[in-house]
Colleague: 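This is the structure I have questions about; it appears just below.
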Amino acid sequence: MTEEIITHSSEETIGWGREFAKRLQPPVLVLLTGDLGTGKTTLTKGLVSGLGAATENDVTSPTFTLVHVYGKQAQAKVYHADLYRIESFHDFETLGLEDVFATPAVAILEWSEKFPLPSPWPLVRIRLEHLGADSRRISVLGTS
Ligand SMILES: Nc1ncnc2c1ncn2[C@@H]1O[C@H](COP(=O)(O)OP(=O)(O)O)[C@@H](O)[C@H]1O
Ligand SMILES: [Mg+2]
């Protein structure tokens with residue numbers, strides 16, 4: 001069954017992400033889909049801060065840097081990657097995302113639909129949609 005929530009501000013989306021983070025047990029791959037500006041990075045601020053890996057202000061878009069890693073030494077790492085600017089399968093491969101799966105972590109992927117990443121880990125798919133102005137629909141499309 002799809003779980004849905006509508007948020008009306010970025011703060012609300014971050015807050016939902018913080019709560020949802022409690023359900024993420026490493027190893028897990030979180031796939032975020034949704035158009036530009038729907039709030040994938042904003043939601044990630046909530047997920048990462050909820051996991052205690054960084055503060056929400058430390059979480060910025062990996063659009064250009066492609067992969068960010070958060071987390072203190074003693075805890076599982078949180079990877080945050082964005083495939084938006086990845087244009088070819090070759091570029092995708094050079095990201096080395098398979099290495100992420102070497103140790104149990106939480107991996108959060110924006111624009112995951114661009115390239116299917118074979119994952120040995122359980123998946124959580126979250127879709128974000130614009131509903132106009134500051135409203136967004138967040139759907140948890142299931143876990144596997
Ligand atoms: N309800 C909401 N949830 C998330 N972001 C929102 C919301 N309302 C407005 N925003 C704004 O929308 C933008 C979302 O940007 P961002 O998180 O970078 O999106 P994406 O990573 O999907 O491209 C931010 O400027 C944020 O402040
Ligand atoms: Mg983004």
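Order of listing sets the numbers, starting from 1, for every ligand and every atom in it. Predicted model, so just to flag it, every value in this text is computed and none were measured.
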Colleague: Can you say whether the rings of F101 and W121 are parallel (under 30°), tilted (30 to 60°) or perpendicular (over 60°)?
Modeller: perpendicular
Colleague: Is the Mg ion (ligand 2) under 2.8 Å from any N, O or S atom of D82?
Modeller: no
Colleague: May I ask you to check whether R136 and T38 show a side-chain donor-acceptor distance below 3.5 Å?
Modeller: no
Colleague: Using the Mg ion (ligand 2) as the vertex, how large is the angle between OE1 of E110 and OG1 of T41, rounded to 10 degrees?
Modeller: 90°
Colleague: Can you label the angle between the W111 ring and the Y84 ring as parallel, tilted or perpendicular, going by 30° and 60°?
Modeller: tilted
Colleague: Check whether any protein heavy atom sits under 4.0 Å from atom 21 (O) of ligand 1.
Modeller: yes
Colleague: Whether the T55 and D58 side chains hold a donor-acceptor pair (N or O, under 3.5 Å, no angle test) is what I'd like checked.
Modeller: yes
Colleague: Between T13 and ligand 1, find which residue part has any heavy-atom pair under 4.0 Å and reply side chain, backbone, both or neither.
Modeller: side chain
Colleague: Given that the side chain starts at C-beta and the backbone is N, CA, C, O, which of these parts of D35 lies under 4.0 Å from ligand 1, counting heavy atoms, or is it both or neither?
Modeller: backbone
Colleague: Are any of the N or O atoms of G39 closer than 3.5 Å to those of ligand 1?
Modeller: yes
Colleague: Using side-chain contact (heavy atoms from CB on, under 4.5 Å) as the criterion, point out the one residue from I108, L109, V78 that pairs with V30.
Modeller: I108
Colleague: N/O to N/O below 3.5 Å, does that happen between G37 and ligand 1?
Modeller: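 Between G37 and ligand 1, an N or O pair is found under 3.5 Å apart.
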Colleague: Out of I14, T33, T42, whose heavy atom sits nearest atom 24 (C) of ligand 1?
Modeller: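 Of the listed residues, T42 has the closest heavy atom.
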Colleague: Measure the spacing between OH of Y70 and OG1 of T44 and express it to the nearest 0.5 Å.
Modeller: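 Rounded to the nearest 0.5 Å, the OH-OG1 separation comes to 8.5 Å.
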Colleague: Heavy-atom pairs closer than 4.0 Å: do any link ligand 1 to the side chain of S61, the backbone, both, or neither?
Modeller: neither
Colleague: Does an N or O anywhere in S135 fall below 3.5 Å from an N or O of ligand 1?
Modeller: no
Colleague: Where does E12 meet ligand 1, judged by heavy-atom distances below 4.0 Å: at the side chain, the backbone, both, or neither?
Modeller: neither
Colleague: Determine, using the 4.5 Å side-chain heavy-atom cutoff (strictly less than), whether L131 and L141 are members of one ILVMFWY cluster.
Modeller: no
